[in-house]
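Data first, discussion second: the structure below is written as structure tokens.
Since the model is a prediction, treat every value here as computed from it, not as a measurement. Chain naming here is simple, since letters A, B, ... match the order of the sequence lines and numbering starts at 1 in each.
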Amino acid sequence: MIDLRLLRDDPDVVRASQRARGESESSVDALLGADEQHRAALVRFEKLRAEQKGLGKQVARAQGDEKQQLLARTKELATAVKAADLTVTETADALRAAHLAVPNIVADGVPAGGEDDFVTLREVGEKPDLPSVRDHLELGELLGAIDMERGAKVSGARFYFLRGVGALLQLALFQCALAQAVEYGLTPMITPSLVKPGTMEGTGFLGSHATEVYRLEADDLYLVGTSEVPLAAYHSNEILDLAEPQRYAGWSSCYRREAGSYGKDTRGIIRVHQFDKIEMFSYCRPEQASDEHLRLLAWQEEMLGKIEVPYRVIDTAAGDLGSSAARKYDIEGWVPSQQRYRELTSTSNCTTFQARRLGVRYRGEDGKPQVAATLNGTLATTRWLVAILENHQQPDGSVRVPKALQPYLGRDVLTPVRP
RNA sequence: GGUGGUGUGUCCGAGCGGCCUAAGGAGCACGCCUCGAAAGCGUGUGAGGGUUCACGCCCUCCGUGGGUUCAAAUCCCACCACCACCGCCA
């Protein structure tokens with residue numbers, strides 16, 4: 001949710017942000033109107049309520065006839081108060097709905113436009129020169145590392161088994177990532193994969209992402225699509241000490257319905273219903289957020305360096321940000337079989353947008369609670385295996401293990417289990 | 001799954017229809033005392049919102065959501081969490 005005070009003081013900033021996203025400005029005016037109506041309703045209610053409380057005290061003291069007269073008046077008042085209260089509730093609900101409909105204000109410097117209007121900040125690493133290219137699934141099958149066929153037999157399309165060196169490789173990658181996180185002072189976390197509706201809603205994933213989310217109807221719980229959800233809600237309705245940013249690295253399985261992506265990336269483990277991920281999450285003061293964002297990005301690049309995969313860093317355009325983010329950087333790794341870059345990480349600066357909804361605050365210099373800023377960024381996912389396998393493949397189908405992962409895997413090359 | 005109990009401010013804890021504008025204590029902050037400290041004494045001590053140029057005034061919040069009443073922390077209903085015991089499973 002955006003800051004309503006900012007909206008009242010400077011609605012044009014919000015309108016400009018909407019234009020950059022390619023979204024309608026009418027939602028801004030709807031929010032302004034809802035805010036005004038709500039405040040008017042509040043004033044009316046509070047006036048009546050104050051009168052009711054005052055009279056209530058007189059009733060308590062009065063006797064006989066006087067009491068009866070007072071009771072007659074307070075009865076009328078009670079009806080009026082009830083009606084005014086109902087109006088407050090209604091306008092509050094309308095305000096909330098209008099509030100939720102306005103996405104975060106785009107940060108200065110974010111490229112305008114849609115999905116294809118990103119700006120490439122840099123390209124790093126040498127693309128491998130491969131005489132013949134096997135894709136990750138072919139390699140995964142040769143190595144006995146990925147079993148899509150049985151994934152489909154057991155669970156359906158877009159499910160898979162990681163087996164043998166595949167399972168070990170993922171664990172090695174994740175342990176490596178977690179070790180880096182710990183080295184930089186992040187608190188490692190293993191988080192719940194099922195969350196309550198309020199948690200899912202509070203983190204903003206029931207908005208435009210709603211169709212992406214698995215819901216367990218019998219228990220009214222949701223499967224998370226990222227540990228960002230439990231990590232963001234972890235400190236909800238708390239007042240934190242943010243002298244230093246509080247940083248976490250959450251390890252969880254992630255579940256996505258991938259509705260509307262029929263036919264896209266149907267081969268292999270690039271787009272699947274379930275995968276694992278280590279997600280960094282940071283709570284900090286708003287004025288530190290953009291520095292913190294670059295810090296998360298640097299840590300992601302360090303991890304990419306460790307798996308020795310060529311990548312590019314892109315500054316996502318406003319129209320492709322998602323509602324919570326003010327700015328988003330993606331790192332895309334080179335996928336030789338597709339001769340293009342594919343998203344491996346994403347880091348978002350949500351400024352105060354997410355924290356406001358979740359009630360995450362800190363004490364400012366004056367001791368008053370202020371809304372915190374939140375940021376998140378990927379540190380490793382199952383999809384990285386695609387880039388690792390393909391970029392380090394050798395003509396015989398074996399795969400070189402990046403140096404940084406060797407200690408965690410206990411070997412420097414993965415060899416086919418069948419020719 | 002069943003039965004019973006509990007849920008109050010930073011914490012402990014009283015309150016069980018109307019001076020609750022939430023007692024009392026602890027903690028914390030400041031001040032006095034002191035060479036300094038402890039003890040003691042005094043003062044203050046939550047969040048959100050509305051309104052106002054401002055001082056201030058007002059409203060909401062006693063697990064959550066409903067309800068009863070002129071009036072709810074207090075009564076009723078539902079839900080949630082925690083504790084205890086029983087059952088079941090490992």
Side-chain angles (χ1 to χ4, degrees), chain A residues 1-9 31-100 102 191-192 194-203 206 215-222 229-230 233-243 246 283 285-286 352-373:
Chain A
M1 291 195 254
I2 63 166
D3 184 354
L4 281 183
R5 286 179 205 278
L6 174 81
L7 174 74
R8 286 173 205 153
D9 294 347
L31 179 53
L32 276 169
D35 178 45
E36 208 154 299
Q37 290 204 354
H38 178 244
R39 278 185 296 160
L42 260 186
V43 169
R44 208 161 51 237
F45 166 76
E46 288 179 1
K47 215 178 126 203
L48 286 168
R49 179 67 179 151
E51 196 181 344
Q52 184 187 36
K53 284 175 74 169
L55 281 181
K57 269 169 201 160
Q58 290 182 40
V59 170
R61 269 184 261 116
Q63 298 289 327
D65 278 358
E66 193 195 352
K67 185 157 191 164
Q68 291 313 309
Q69 280 179 10
L70 279 172
L71 276 182
R73 283 173 58 198
T74 50
K75 246 172 217 183
E76 284 170 33
L77 246 187
T79 313
V81 166
K82 205 163 269 183
D85 189 23
L86 184 67
T87 309
V88 168
T89 307
E90 284 168 358
T91 55
D93 289 348
L95 173 61
R96 183 172 171 78
H99 207 170
L100 292 175
V102 176
T191 60
L194 287 167
V195 298
K196 300 193 285 187
T199 303
M200 203 49 122
E201 214 235 312
T203 46
L206 289 185
R215 176 165 178 232
L216 302 190
E217 187 135 14
D219 300 283
D220 203 15
L221 289 169
Y222 292 90
V229 173
Y234 187 67
H235 285 305
S236 58
N237 299 313
E238 293 182 18
I239 297 175
L240 305 178
D241 177 6
L242 288 182
Q246 293 210 26
Y283 297 89
R285 295 167 175 249
T352 57
F353 187 85
Q354 190 178 51
R356 183 169 292 106
R357 197 190 298 203
L358 288 165
V360 181
R361 294 170 296 168
Y362 69 98
R363 279 193 199 283
E365 307 303 336
D366 57 359
K368 289 282 168 214
Q370 308 280 329
V371 179

Distance between the [atom1] atoms of [N] and [M], in whole angstroms?
| N | M | atom1 | answer |
| --- | --- | --- | --- |
| B/C16 | B/U6 | C1' | 15 Å |
| B/U43 | B/A26 | P | 14 Å |
| B/C12 | B/A71 | P | 33 Å |
| B/G9 | B/C61 | P | 15 Å |
| B/C75 | B/G18 | P | 11 Å |
| B/C86 | B/U74 | P | 34 Å |
| B/C82 | B/C32 | C1' | 44 Å |
| B/C80 | B/G24 | C1' | 31 Å |

Item to check | side-chain contact (heavy atoms from CB on, under 4.5 Å) assessment of A/D35 paired with A/L7 | outcome: CA-CA 10 Å; A/D35 178 45; A/L7 174 74; 5.5 Å; no
Where the side chain of [X] is defined as all heavy atoms beyond and including C-beta, which of [options] is the nearest nucleotide?
| X | options | result |
| --- | --- | --- |
| A/R361 | B/U51, B/U60, B/A47 | B/A47 |
| A/K75 | B/C70, B/C58, B/G50 | B/C70 |
| A/F45 | B/A47, B/C59, B/C70 | B/C59 |
| A/V43 | B/U60, B/C58, B/U51 | B/U51 |
| A/A78 | B/C59, B/G49, B/A71 | B/A71 |
| A/R5 | B/G50, B/C70, B/C58 | B/G50 |

To the nearest Å, how far apart are [X] [atom1] and [N] [atom2]?
| X | N | atom1 | atom2 | result |
| --- | --- | --- | --- | --- |
| A/K53 | B/C57 | NZ | P | 14 Å |
| A/L77 | B/C59 | CG | P | 13 Å |
| A/D85 | B/A72 | CG | C1' | 14 Å |
| A/L86 | B/U60 | CG | P | 17 Å |
| A/E36 | B/U51 | CD | P | 10 Å |
| A/L48 | B/G50 | CG | P | 19 Å |
| A/E46 | B/G56 | CD | P | 19 Å |
| A/I239 | B/C11 | CD1 | P | 12 Å |

Checklist entry - More 5' along RNA chain B: A/K47 or A/Q52, using each one's nearest nucleotide? => result A/K47
Which base, if any, makes a Watson-Crick or G-U wobble pair with [N], both distances under 3.5 Å?
| N | answer |
| --- | --- |
| B/C82 | B/G5 |
| B/A71 | none |
| B/C61 | B/G46 |

Does OP1 or OP2 of [N] have a side-chain N or O of [X] closer than 4.0 Å?
| X | N | answer |
| --- | --- | --- |
| A/K82 | B/G66 | no |
| A/R39 | B/G49 | no |
| A/R8 | B/G50 | yes |
| A/R363 | B/U10 | no |

Next on the checklist: I'd like to know whether A/Q354 forms a side-chain contact (heavy atoms from CB on, under 4.5 Å) with A/T203, so could you lay out the CA-CA distance, the side-chain angles of the two residues, the decisive distance to 0.1 Å, and finally the verdict.
Outcome noted: CA-CA 6 Å; A/Q354 190 178 51; A/T203 46; 4.2 Å; yes
Main chain of [Y], side chain of [X]: is a donor-acceptor contact present, judged purely on distance under 3.5 Å?
| X | Y | answer |
| --- | --- | --- |
| A/H99 | A/L31 | no |
| A/R285 | A/L242 | yes |
| A/R357 | A/E201 | yes |

Next on the checklist: Quick one, A/R361 and A/L240 - any side-chain contact, counting heavy atoms below 4.5 Å?
Outcome noted: no
Item to check | Sugar-phosphate, base or nothing in reach of A/R44, heavy atoms under 4.0 Å | outcome: nothing
Checklist entry - Reckon A/E76 touches a base, only the sugar-phosphate, or nothing at all at heavy-atom distances under 4.0 Å? => result nothing
Next on the checklist: How long is the straight-line distance from CG of A/L95 back to CD of A/E90, given to the nearest 0.5 Å?
Outcome noted: 13.5 Å
